[in-house]
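To start, the structure itself, in structure tokens.
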Amino acid sequence: MISFNPLRTLPHAAGYGRGDVFVLFGELFGRGYANGLVEQARRAGMTILGITVGRRDASGDLRPLNETEIADAEALLGGKIINIPLEAGFDMDPDEHGISPVDQLKGVKADAWGSVELDWNAVEQARKAGIERFTAHLGRVMAELDARIPGGCNVLFSHTMAGGIPRARILMPVLNRVFKGQGERFTPSEVFWNSPLGRLCAVCFDEVTANTFGHLIDASGRIRERIERTGGRVAYTAYGYHGCEVLINDRYTWQTYTPYLQGWAKMRLEEAAAAAWEKGIHATVFNCPEIQTNSSALFLGVELSLYPLLAALEREGDGPAAEEIRTACQSLLSEGVTLDEVVASANQYLADPHLEEYRDFSAWPRHNSPEQAERMLSRATALLSMNRSQKDIVCAELSRAVFRSVGRLIFDMSWEPNAPVVWLNHDIVARRIVAGA
Ligand SMILES: NC(=O)c1ccc[n+]([C@@H]2O[C@H](COP(=O)([O-])OP(=O)(O)OC[C@H]3O[C@@H](n4cnc5c(N)ncnc54)[C@H](O)[C@@H]3O)[C@@H](O)[C@H]2O)c1
């Protein structure tokens, strides 16, 4: 088990510049964490290279991006994308009879999800097929990258991949009950996690969220050796999640979203970084605060711990950047609602004595309970209703501030990393914002 290792002082500015190369290992979406790092790489004048996970066509086959898709993706990234599909996971990969895990789940009725019987031998064959496909494609991607990365430059690989929910129709309604259900519509995460569907998710999460980092490090070995031989630096970063310290009752306190079912995979990701570090490779997992992105949209309540960032900004020095965020947030609230009320309401939830047991770092990740889910979801909904419009919310503003700050922190720290696993909590994130991200 990795011990809590928070970053407490702002790292020195990184020395990357023109001619150095930034490789984004995952796709870029408008509001995801990767935007913060891409912004820094762009600002430093680095050459930006990216990958795609590819797309599934109507028959389910994995294909590269088409002309329009690649043009859009390259415009968003501001760099060349190697157009060889790097979808990780295996939910749609076939066993020896051509049957994928998603095929096995076809036609399962909503009320029968708990008694699904999976052919685990076939699942294992699909898993192996998925790894073979991914690593074969990765080998071709690396050959292209090798040709594009000049000797002697510095290279920063940024891993963003996470996910792996099997794309079977039965899963989303079940997961909605696990993550957003209350009362009669609540399904305990532990019941789900111990069911065959949950066990399948666990294996998929490991492949997408954790094992891809190891594959990236292994497959880029040749590039790394060549760069280091010619005087350049190579660093790998990945985004982790393992709870986060935020201000609760005016004290920075570790807390977490529950039930974070990706948590076990995220710990494997930490272990992958630690194993690479042992071999002298600069691979660091940065455990980041909760924000709202495409990937976290399913987890209503994950944003509750974002609100105290407003208090952290004051605590860490305040000033024009903090004031700008406050003004933007205030303008999104309904008539008569103040930011102080929002922060106080979030704090009341985060400090709830009934939820004390969920703030135990050593017991992470925890499963939910009906009471915990009820308290979290009702508070999340109440806070969201304080926004003037549900389409334009305070959390989006705060998320943007966090991913930009985190981007700067990771960028700088990757220049001279000192550990394989680091926590970026609200104190350092706020301090970076106040100092100018
Ligand atoms: N959102 C949060 O609160 C939060 C907190 C801490 C860490 N993170 C981590 O930050 C990273 C980026 O996530 P984000 O929240 O910014 O959302 P995002 O949706 O912008 O990014 C998700 C990434 O995962 C990739 N991905 C998804 N499925 C994949 C698959 N099957 N194969 C390969 N790649 C796949 C996508 O291409 C994308 O790059 C993730 O590792 C996530 O776990 C997020």
Side-chain angles (χ1 to χ4, degrees), residues 23-38 50-56 62 65 73 76-77 81 84-93 101-102 130-131 133-135 137-138 141 158-167 201 204-213 215-216 237-244 246 255-257 260-270 272-273 285-306 309 365 395-396 398-400 402-404 406-407 409-410 421-426 429:
V23 182
L24 186 66
F25 200 64
E27 290 194 2
L28 186 65
F29 302 122
R31 55 180 184 160
Y33 257 119
N35 289 280
L37 259 180
V38 169
I51 61 102
T52 175
V53 303
R55 298 291 176 267
R56 293 277 171 181
L62 187 61
L65 300 183
L76 183 65
L77 180 67
I81 286 176
I84 298 168
L86 275 184
E87 179 186 291
F90 59 90
D91 60 339
M92 293 178 75
D93 286 281
V102 164
I131 296 171
R133 168 185 55 71
F134 182 83
T135 49
H137 287 198
L138 183 56
V141 168
S158 162
H159 175 280
T160 71
M161 292 181 176
I165 296 175
R167 284 158 287 187
C201 280
C204 289
F205 293 173
D206 281 349
E207 286 305 332
V208 178
T209 301
N211 298 352
T212 47
F213 196 40
H215 292 314
L216 165 65
T237 66
Y239 296 95
Y241 178 69
H242 197 145
C244 176
V246 305
Q255 55 75 54
T256 176
Y257 168 79
Y260 188 63
L261 296 182
Q262 290 267 354
W264 289 274
K266 284 295 190 195
M267 287 197 284
R268 286 179 79 115
L269 178 71
E270 293 172 352
V285 169
F286 290 88
N287 287 326
C288 300
E290 304 81 355
I291 62 169
Q292 273 194 329
T293 66
N294 289 6
S295 295
S296 65
L298 174 65
F299 313 119
L300 178 63
V302 72
E303 75 290 351
L304 281 163
S305 44
L306 248 178
L309 181 74
C395 293
L398 294 175
S399 296
R400 199 160 33 245
V402 171
F403 75 58
R404 294 191 65 218
V406 161
L409 290 167
I410 295 182
V421 185
V422 175
W423 272 255
L424 304 178
N425 299 305
H426 274 198
V429 168

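Quick note: residue numbers are just sequence positions, from 1. Ligands are counted one by one from 1 in listed order, and the atoms in each one are counted from 1 as well.
- Remark: the backbone N or O of Arg268 is not paired with any side-chain donor or acceptor of Glu270 at under 3.5 angstrom.
- Taking a cutoff of 4.0 Å between a charged side-chain nitrogen and a carboxylate oxygen, Glu27 and Arg55 qualify as a salt bridge.
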- Message: For Tyr33 and Thr160: C-alpha separation, side-chain torsions, deciding distance, then whether side chain to side chain contact (heavy atoms under 4.5 Å, CB included) applies.
- Response: CA-CA 8 Å; Tyr33 257 119; Thr160 71; over 6 Å; no
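- Under 4.0 Å from any atom of ligand 1, one finds heavy atoms of residues Gly26, Glu27, Phe29, Gly32, Tyr33, Val53, Leu86, Glu87, Ala88, Thr160, Met161, Ala162, Val208, Tyr239, Gly240, Tyr241, Lys266, Cys288, Pro289, Glu290, Ile291, Thr293, Asn294, Ser295, Ser296.
- The side-chain contact (heavy atoms from CB on, under 4.5 Å) test with Val141 is passed by exactly one of Leu216, Thr52, Ile51: Ile51.
- Applying the ring-ring contact (aromatic ring centres under 6.0 Å, His included) test to Phe25 and every residue at least two apart in sequence or in another chain returns nothing.
- The heavy-atom pair separating Cys395 from Gln292 by the smallest distance is CB-OE1, 3.4 Å.
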